[in-house]
Amino acid sequence: MSTLRLVPTLALALLLAACNAPTPSPTPQEEKGMHKECPGATLHLTALPAKDGETTRTRLEIEKDGQRRAIETPAELSDYTAVGLACAEDKQGASYFVVQYGELPFGCAFCEWFTLYDADGRQLTHNTPPLRGEADAQSPNNDEYSQLIAKLGITHPEVDYIED
């Protein structure tokens with residue numbers, strides 16, 4: 001057989017082998033979600049697959065000093081999930097994380113709860129009770145968050161949202 005006929009045959013064999021190769025599993029960087037790098041740490045927000053009849057949930061993790069650990073949803077917001085992340089600094093230059101909680105994939109009319117975390121991922125504010133007001137006059141309770149960021153000299157930051 002001549003060399004000229006081997007080259008196309010070899011190319012075809014390599015192409016077929018590549019097409020039949022298994023698709024690699026997605027790496028953590030390819031997961032559906034986002035990350036937010038702030039001074040000293042990175043927050044990772046990953047959309048979890050929806051189950052029948054349930055709203056889409058997210059997983060929130062902090063990565064610091066080479067270690068990655070989960071940050072649990074505040075107990076009072078257990079019916080909601082993290083939907084956005086932001087970094088903030090106080091007037092002394094200390095770093096904080098702001099996590100917005102709400103609903104995915106479409107949100108709701110007034111779901112904008114904000115929780116402040118320190119640079120180690122410790123929750124500093126609560127939204128207890130989650131709602132204030134009654135019936136049509138209900139709104140999210142962000143009082144503790146608003147009071148603490150004012151005390152620390154933090155301007156409420158622009159939040160980046162996860163795409164579901």
Side-chain angles (χ1 to χ4, degrees), residues 25-164:
S25 299
T27 64
Q29 292 79 18
E30 295 171 327
E31 286 183 331
K32 197 172 193 180
M34 65 177 289
H35 69 275
K36 186 77 174 174
E37 293 183 34
C38 298
T42 302
L43 285 180
H44 299 271
L45 186 56
T46 307
L48 301 175
K51 296 177 184 168
D52 291 343
E54 293 184 17
T55 58
T56 301
R57 305 296 289 182
T58 57
R59 178 179 61 239
L60 178 61
E61 297 173 301
I62 185 170
E63 185 176 349
K64 185 172 178 130
D65 301 325
Q67 302 292 317
R68 194 163 163 168
R69 66 175 177 80
I71 295 178
E72 298 300 321
T73 299
E76 66 272 17
L77 299 176
S78 63
D79 291 338
Y80 303 97
T81 194
V83 297
L85 307 173
C87 303
E89 279 190 13
D90 68 12
K91 55 189 169 194
Q92 308 301 321
S95 295
Y96 297 87
F97 298 107
V98 175
V99 179
Q100 181 176 336
Y101 291 89
E103 293 179 347
L104 288 177
F106 306 113
C108 67
F110 58 82
C111 303
E112 291 187 353
W113 288 276
F114 299 99
T115 304
L116 189 67
Y117 295 84
D118 70 11
D120 292 321
R122 284 187 295 267
Q123 182 181 346
L124 302 177
T125 60
H126 293 273
N127 310 80
T128 307
L131 297 173
R132 57 179 180 204
E134 295 181 28
D136 291 340
Q138 286 186 323
S139 63
N141 179 0
N142 287 306
D143 295 344
E144 196 173 313
Y145 169 81
S146 297
Q147 291 167 5
L148 186 54
I149 67 168
K151 180 180 176 182
L152 295 171
I154 296 172
T155 301
H156 177 69
E158 185 173 328
V159 175
D160 294 326
Y161 297 96
I162 190 169
E163 293 187 26
D164 184 40

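In this text the structure is predicted, and so the values were computed from the model without any measurement.
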Does some side-chain heavy atom of V83 sit less than 4.5 Å from a side-chain heavy atom of T81? yes
Side-chain donor/acceptor of T58 to backbone N/O of A82, under 3.5 Å: yes
For N142, which residues count as a side-chain hydrogen bond (donor to acceptor under 3.5 Å, both in side chains) partner, sequence neighbours excluded? N127
Over all heavy atoms of both residues, which pair between P157 and C87 is shortest? Give the atoms and the distance, please. CB-O, 3.4 Å
Out of I62, T115, L116, which residue meets the side chain to side chain contact (heavy atoms under 4.5 Å, CB included) rule with F97? I62
Please list all pairs meeting salt bridge (charged side-chain N to carboxylate O under 4.0 Å, His left out) that have one or both residues in residues 112-133, counting only residues at least two apart or in different chains. K64-D120, D118-R122, D120-R122, R132-D143
For S95 and P39, work out which heavy atoms get closest and say how close. OG-CB, 3.3 Å
Calculate, to the nearest 0.5 Å, the distance between atoms CD1 and NZ belonging to I154 and K91 respectively. 10.0 Å
In Å and rounded to the nearest 0.5 Å, what is the CD to CG distance from E134 to D136? 11.0 Å
Can you name the nearest heavy-atom pair linking E103 to Y80, along with the distance? OE2-CE2, 3.5 Å
Start with the C-alpha distance between V99 and F114, add both sets of side-chain angles, then the distance that settles side-chain contact (heavy atoms from CB on, under 4.5 Å), and finish with yes or no. CA-CA 6 Å; V99 179; F114 299 99; over 6 Å; no
Would Q67 and R69 count as a side-chain contact (heavy atoms from CB on, under 4.5 Å) if you check the C-alpha gap in whole Å, the side-chain angles of each, and the deciding distance to 0.1 Å? CA-CA 7 Å; Q67 302 292 317; R69 66 175 177 80; over 6 Å; no
So, using ring pair (Phe, Tyr, Trp, His ring centres under 6.0 Å) as the criterion, who are the partners of Y101 when residues are at least two apart? none
Can you confirm whether Y96 sits close enough to L124 that some side-chain heavy atom of one is under 4.5 Å from a side-chain heavy atom of the other? yes
For the ring pair H156 and Y145, is the centre-to-centre distance below 6.0 Å? yes
Is it true that a side-chain atom of Q92 and a backbone atom of A94 form a donor plus acceptor pair closer than 3.5 Å? no
Looking at every non-hydrogen atom in both residues, tell me the closest pair between M34 and L85 and how far apart they are. CE-CD1, 4.1 Å
Could you pull out the closest heavy-atom pair between L152 and D90, with the gap in Å? O-CB, 3.2 Å
Using the side chain to side chain contact (heavy atoms under 4.5 Å, CB included) rule, pick out the option among H35, R68, E37 that qualifies with E63. R68
Looking only at atom types and distance, does a side-chain atom of W113 sit under 3.5 Å from a main-chain N or O of Q100, one as donor and one as acceptor? no
With no hydrogens and no angle check, just 3.5 Å: does a side-chain donor-acceptor pair link T73 and S78? no
